[in-house]
Participant: 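This structure is in structure tokens; I'll ask about it shortly.
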Amino acid sequence: MNYNYVLNVQPKYNYENSFARIRPINQNEQIDNDEIKRILNYVVYCGRKMLSQKVDITNSPLTNMCDLMQSYLGYLLESLGVYCIPNVTLQTIGKNINYHSYTTVVFNTSKGVKIYLLDITYRQFFLLENCTKENFAIKNNKIIIAPDPGYFICKDILNIDTAAELLYNGFIELTPKTAKIYGDSFKLGQTNKNIFDVVGESGYSYLLSFLNKRSSYSYDKDELFKDNKNCKIYEKLL
């Protein structure tokens, strides 16, 4: 089945660089940007490799796979000594919005802390059929149904590059600007609220929420990896 997207970005899957230099890092160890990117590219590759055994990742919206991937990538990161925070939108962004799970990842560098958002199933919110003005249902100025986050992303051309980067790489560096783009894509679709009261939050507010509101993994580690050991580093470290 072919799917149509309001923002159609093919996920990165063919990695030219070898992952031979992937290694576990020590607590509070400072690493450089190149190593950060190697680690993130590696876990995204592992996740997409696992997904490719289930669906065609070049076309599938990956609907309802966010909990699975959050658990899988989180366990991989933790096996590499990386500090990560599993998040759920209903806790970090607001009530009456699309449920989604993703991960905030924190690295120490010589220039301070760098924070990334890891989400390889964000594409499910960009299906064209769910991202049009016609998806709104409003009664007495109260929003009953709202479009998916992709609708709100594409309403502002300044947001598209950030969303495209996330859809392609599976991660973006978290700054107040990128946190607001991601957070508002969900928050502006809030339902059961007066249409004039639905507003976004500041990027700093979202950042603090992502860092401080930890959820739990939905999948048990041993069960998840029992029959699916795509990534040798996990077998080596745990």
Side-chain angles (χ1 to χ4, degrees), residues 24-31 33 35-37 39-40 43-44 47 64-122 124-125 146 148-149 152-153 159 162-163 165-167 169-193 197-221 224:
I25 60 176
N26 298 317
Q27 186 176 13
N28 299 321
E29 180 181 354
Q30 295 178 349
I31 61 176
N33 289 335
E35 186 160 16
I36 289 173
K37 295 293 177 62
I39 291 171
L40 291 173
V43 297
V44 169
N64 298 325
M65 293 186 176
C66 58
D67 287 343
L68 172 66
M69 284 296 101
Q70 181 196 63
S71 299
Y72 186 67
L73 302 186
Y75 292 138
L76 283 173
L77 285 167
E78 289 173 358
S79 77
L80 288 165
V82 177
Y83 181 71
C84 55
I85 305 158
N87 297 128
V88 171
T89 53
L90 299 181
Q91 297 175 354
T92 58
I93 297 173
K95 298 179 180 178
N96 301 318
I97 62 174
N98 288 92
Y99 172 87
H100 190 51
S101 54
Y102 60 98
T103 305
T104 301
V105 189
V106 182
F107 296 96
N108 289 306
T109 77
S110 60
K111 296 182 179 180
V113 169
K114 280 205 166 188
I115 308 169
Y116 285 80
L117 185 144
L118 180 64
D119 181 358
I120 70 171
T121 64
Y122 191 43
Q124 65 190 286
F125 300 112
D148 277 354
F152 301 100
I153 288 289
N159 296 343
T162 296
E165 179 183 347
L166 177 57
L167 291 168
N169 288 323
F171 61 86
I172 51 170
E173 185 173 355
L174 269 177
T175 64
K177 177 183 176 181
T178 58
K180 180 171 177 59
I181 291 171
Y182 185 83
D184 277 358
S185 74
F186 290 94
K187 189 67 179 282
L188 295 177
Q190 195 167 32
T191 59
N192 199 33
K193 200 167 186 178
D197 294 332
V198 175
V199 294
E201 302 286 346
S202 73
Y204 288 102
S205 175
Y206 285 129
L207 261 176
L208 287 174
S209 187
F210 296 172
L211 288 168
N212 293 318
K213 295 182 179 178
R214 172 185 289 270
S215 66
S216 301
Y217 293 125
S218 299
Y219 287 77
D220 177 75
K221 179 168 58 180
L224 184 60

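Small disclaimer: the values here were computed from a predicted structure and weren't measured. One-based numbering along the sequence shown.
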Participant: A quick test of your reading: do over 12 heavy atoms of other residues, nucleotides or ligands sit less than 6.0 Å from OH of Y99?
Facilitator: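 Count over threshold, so yes.
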Participant: With no hydrogens and no angle check, just 3.5 Å: does a side-chain donor-acceptor pair link K95 and N192?
Facilitator: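 Result is no, nothing qualifies.
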Participant: Please report the C-alpha distance between I39 and L77 in whole Å, then the side-chain angles of each, then the deciding distance to 0.1 Å, and finally whether the side-chain contact (heavy atoms from CB on, under 4.5 Å) criterion is met.
Facilitator: CA-CA 8 Å; I39 291 171; L77 285 167; 3.9 Å; yes
Participant: NZ of K213 to CG of L208: how many Å apart, nearest 0.5 Å?
Facilitator: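 Spacing of NZ (K213) from CG (L208) equals 10.0 Å.
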Participant: Look at the aromatic rings of F210 and Y182 and report parallel, tilted or perpendicular, splitting at 30° and 60°.
Facilitator: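 Geometry flag for Y182 against F210: perpendicular rings.
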Participant: What's the separation between atom OG1 in T162 and atom CG in L167, rounded to the nearest 0.5 Å?
Facilitator: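 With rounding to 0.5 Å, OG1 (T162) is 11.0 Å from CG (L167).
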Participant: If I take atom NZ from residue K177 and atom CG from residue N159, how far apart are they, to the nearest 0.5 angstrom?
Facilitator: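 Interatomic distance, K177 NZ to N159 CG, rounded to 0.5 Å: 8.5 Å.
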Participant: To check you understand the geometry: which heavy-atom pair defines the closest contact between C66 and Q124, and what is its length?
Facilitator: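 That closest heavy-atom pairing would be CB-NE2, 4.1 Å.
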Participant: How long is the span from the CD1 atom in I25 to the CD1 atom in I36, to the nearest 0.5 Å?
Facilitator: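 Interatomic distance, I25 CD1 to I36 CD1, rounded to 0.5 Å: 8.5 Å.
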Participant: Does T178 use its side chain to pair, donor to acceptor, with the backbone of E173 at less than 3.5 Å?
Facilitator: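 Yes: the side chain of T178 pairs with the backbone of E173.
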Participant: Please check this pair: side chain of S79 against backbone of L76, looking for a donor-acceptor N/O pair closer than 3.5 Å.
Facilitator: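 Between the backbone of L76 and the side chain of S79 there is a qualifying donor-acceptor contact (under 3.5 Å).
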Participant: Step by step, would you call F107 with Y116 a side-chain contact (heavy atoms from CB on, under 4.5 Å)?
Facilitator: CA-CA 8 Å; F107 296 96; Y116 285 80; 4.0 Å; yes
Participant: Mark yes or no for whether Q70, through its side chain, and N87, through its backbone, hold a donor-acceptor pair below 3.5 Å.
Facilitator: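 A pair under 3.5 Å: yes.
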Participant: For the pair Y217 and Y75, name the ring-plane relationship: parallel under 30°, tilted 30 to 60°, perpendicular over 60°.
Facilitator: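 The arrangement is tilted - the two ring planes meet at 30° to 60°.
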Participant: Under the side-chain contact (heavy atoms from CB on, under 4.5 Å) test against T104, which residue among L211, T92, L118, L207 passes?
Facilitator: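 Passing option: L211.
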Participant: Looking at every heavy atom in both D119 and S101, which two are closest together, and how far apart are they?
Facilitator: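 Smallest interatomic distance, heavy atoms only, reads OD1-O, 4.5 Å.
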Participant: Are F125 and F186 an aromatic pair by the rule of ring centers under 6.0 Å?
Facilitator: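 Yes, close enough.
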Participant: C84 and E78: which non-hydrogen atoms are nearest, and at how many Å?
Facilitator: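 Minimum heavy-atom separation between C84 and E78: SG-CG, 3.8 Å.
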Participant: If I compare all heavy atoms of S185 with all of F152, which pair ends up nearest, and what's the gap?
Facilitator: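 Closest pair (atom of S185, atom of F152, distance): O-CD1, 3.7 Å.
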Participant: If you compare all heavy atoms of A146 against all heavy atoms of G189, which two are closest, and at what distance to 0.1 Å?
Facilitator: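 That would be CB-O, 3.4 Å.
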Participant: From the options T89, T191, D148, select the one residue that forms a side-chain hydrogen bond (donor to acceptor under 3.5 Å, both in side chains) with N98.
Facilitator: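 Filter result, single survivor: D148.
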Participant: Which pair of non-hydrogen atoms, one from K187 and one from I93, has the smallest distance, and what is that distance?
Facilitator: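 Reported closest heavy-atom pair: CD-O, 3.5 Å.
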Participant: Would D197 and Q190 count as a side-chain contact (heavy atoms from CB on, under 4.5 Å) if you check the C-alpha gap in whole Å, the side-chain angles of each, and the deciding distance to 0.1 Å?
Facilitator: CA-CA 10 Å; D197 294 332; Q190 195 167 32; over 6 Å; no
Participant: Working note: V113 + N108, criterion side-chain contact (heavy atoms from CB on, under 4.5 Å); need CA distance, chi angles, decisive distance, verdict.
Facilitator: CA-CA 5 Å; V113 169; N108 289 306; 3.6 Å; yes
Participant: Could you tell me the separation between the OG1 atom of T121 and the CE atom of M69, rounded to the nearest 0.5 Å?
Facilitator: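 Result: 8.5 Å between the selected atoms.
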Participant: Between atom CD1 of I172 and atom CD1 of I181, what is the distance when rounded to the nearest 0.5 Å?
Facilitator: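 Rounded to the nearest 0.5 Å, the CD1-CD1 separation comes to 7.5 Å.
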